[in-house]
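The chains referred to below are lettered A, B, ... by the order of the sequence lines, with proteins before strands, and numbering in each begins at 1.
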Number of protein chains: 2
Amino acid sequence: MARLPLYYRALLETAEREVSTISSERLAELAGVNAAKVRKDLSYLGSYGTRGVGYDVEYLLHEISRELGLTRDWPVVIVGIGNLGRALANYRGFGARGFRVVALVDANPELVGHPVGELAIEPVDELDRIVAEREIAIAILATPAVAAQEVADRVVAAGVTSILNFAPAVISVPEGVSLRKVDLAIELQILSFYQLRKFSAAAGESRPAEAAS
Amino acid sequence: MARLPLYYRALLETAEREVSTISSERLAELAGVNAAKVRKDLSYLGSYGTRGVGYDVEYLLHEISRELGLTRDWPVVIVGIGNLGRALANYRGFGARGFRVVALVDANPELVGHPVGELAIEPVDELDRIVAEREIAIAILATPAVAAQEVADRVVAAGVTSILNFAPAVISVPEGVSLRKVDLAIELQILSFYQLRKFSAAAGESRPAEAAS
DNA sequence: CCCACTTAGGGAAAACGGTCACAAGGTCGC
DNA sequence: GCGACCTTGTGACCGTTTTCCCTAAGTGGG
């Protein structure tokens, strides 16, 4: 379930405040969702809360981190070290949750060898070897759109079974490989869409584009 | 509809290949969705395809860009110029679609005045004035989690009605303000979740964590 | 001009996700 | 030990989204 990480973060914050028990209602508030949904999600985990009391924060944290695989160490490769790739490489949020960036790869020969944080950029030719040797199961793609499919094919062939795609392109992967995509431009376009509708609603117009101008 | 930007991009690529007409099936393939869904979405737009032929690429592009508000110029402010904020500021993908980054704001006094691309970083104290004067309706938040809610409150008070939140925190906004969030760590955790289930399925185990180790 | 073929449109059913409401279980004060 | 109170777990409902499938409309070849 895609909401588990949200609960996880909320629970982490709660644990820091040394609160030992939490109700589904409070947790729902922290995660920004409905209380019934929280209970449904957690019950699906088989996880046990105590009626009349709530959930034990520590225990629930442990259960969720186990379910999410956060107890394990996941080596990650980032392919495409442009603006975004570099930012991702430097992003501290990953390491804390068991995601360890162990390789940075780029197709540009001029970038190879260049250090980013504690790693040096490696050539894309060696992608197969890198993935295999370091037992990488998760790849982050931050390449240009045109290169995304080819890189995806290569990392999958080398053994990667989960891909997080930041390239603005639809890529296809074989059955059994997980794929998630984050597209910055699309997010903004969705906001723009609603923004426009706000204007048209306010102006009482039926033609949004007109209303917005 | 959140799929419109996907169609838009697919149509752009198609237009570049100088194809003048496209079937719902082909478009569905390019966008990675179901053909019936494409037709439903487009018919909801009131947009006209021609039976037996397909959709006129140019016309459809025009209709969608109008619907998405891409014909308009949207000034955008980025708040929080850390790794991610800087990458977003340099990201070329925005400008092309009518999103123009017109201000970079950070709370760190040492960063103020520092140039990033063609803009200089401005102090967070002036956020209200900046948003009002430049008629900014869309804000991108790339601050640390603890600052996110406060910044959100401020930009909303100043007149922003759409927020794209990259900070790993749940923030709440008043009715009428659109909010979308992108959380990198959460995306990875979701992948990790499925990754774990793959292992457990392969091993025929019922306890995923055990199977993965 | 007609017929075979292609493709959008849209009604109907199915699947999904979310919410509600309530019963069951547990705590705490007295 | 009992009753008032709280909170989980879950079955039923409801709205939305997705998918299926058939009809209508248009094209092109003979």
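Among residue pairs with one or both ends in residues 39-53 of chain B, those qualifying as salt bridge (Lys or Arg N to Asp or Glu O under 4.0 Å) are B:R3-B:D41; sequence neighbours excluded. Counting only residues at least two apart or in different chains, salt bridge (Lys or Arg N to Asp or Glu O under 4.0 Å) contacts with residues 160-169 of chain A are absent. Sorted by first and then second residue, the salt bridge (Lys or Arg N to Asp or Glu O under 4.0 Å) pairs involving residues 139-149 of chain A (not counting sequence neighbours) form an empty list. Listed by first and then second residue, the salt bridge (Lys or Arg N to Asp or Glu O under 4.0 Å) pairs involving residues 153-182 of chain A are A:D128-A:R154, A:R180-B:E187 (not counting sequence neighbours).
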Report all side-chain donor-acceptor pairs from residues 11-18 of chain A shorter than 3.5 Å, counting only partners two or more places apart or in another chain.
| unit_1 | atom_1 | unit_2 | atom_2 | d |
| --- | --- | --- | --- | --- |
| A:T14 | OG1 | A:A10 | O | 2.8 |

Listing, residues 86-95 of chain A side-chain donor-acceptor contacts under 3.5 Å, not counting sequence neighbours, or none:
| unit_1 | atom_1 | unit_2 | atom_2 | d |
| --- | --- | --- | --- | --- |
| A:N90 | ND2 | A:R86 | O | 3.2 |

Output side-chain donor-acceptor pairs under 3.5 Å for residues 54-63 of chain B, partner residues at least two apart or in another chain, one line each.
| unit_1 | atom_1 | unit_2 | atom_2 | d |
| --- | --- | --- | --- | --- |
| B:D56 | OD1 | B:E58 | N | 3.2 |
| B:D56 | OD1 | B:Y59 | N | 2.9 |
| B:E63 | OE1 | B:R66 | NH2 | 3.3 |

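At least one donor-acceptor pair closer than 3.5 Å links the side chain of B:R134 to the backbone N or O of B:V102. Side chain of A:T50 to backbone of A:V53: no donor-acceptor contact under 3.5 angstrom is found. Proximity of a side-chain donor or acceptor of A:N34 to a complementary backbone N or O of A:V38 within less than 3.5 Å is not detected.
Of the residues in residues 17-29 of chain A, not one places a heavy atom less than 4.0 Å from an atom of DNA chain C. Using a 4.0 Å cutoff on non-hydrogen atoms, no part of residues 185-193 of chain B comes near DNA chain D. Within a heavy-atom distance below 4.0 Å of DNA chain D, the residues of residues 33-41 of chain A found are A:R39, A:K40.
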query = Which is it for A:V77 and A:L104 under the side chain to side chain contact (heavy atoms under 4.5 Å, CB included) test, yes or no, and what are the steps along the way?
reply = CA-CA 6 Å; A:V77 58; A:L104 305 174; over 6 Å; no
message = Would A:S178 and B:K198 count as a side chain to side chain donor-acceptor pair (under 3.5 Å) here? Give the steps.
response = CA-CA 10 Å; A:S178 309; B:K198 265 175 237 162; 2.9 Å; yes
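On the nucleic acid side, DNA chain C contacts chain A at distances under 4.0 Å to non-hydrogen atoms, with the end points of that region at C:dG18 to C:dT27. Of all nucleotides in DNA chain D, those with any atom nearer than 4.0 Å to a heavy atom of chain B start and finish, going 5' to 3', at D:dT18 to D:dT27.
Minimum heavy-atom separation, B:W74 to A:S192: NE1-OG, 3.1 Å. Closest non-hydrogen pair, A:A103 versus A:I130, comes out as CB-CG2, 3.6 Å.
Separating the CZ atom in B:F99 from the CG atom in B:D73 is a distance of 10.0 Å, to the nearest 0.5 Å.
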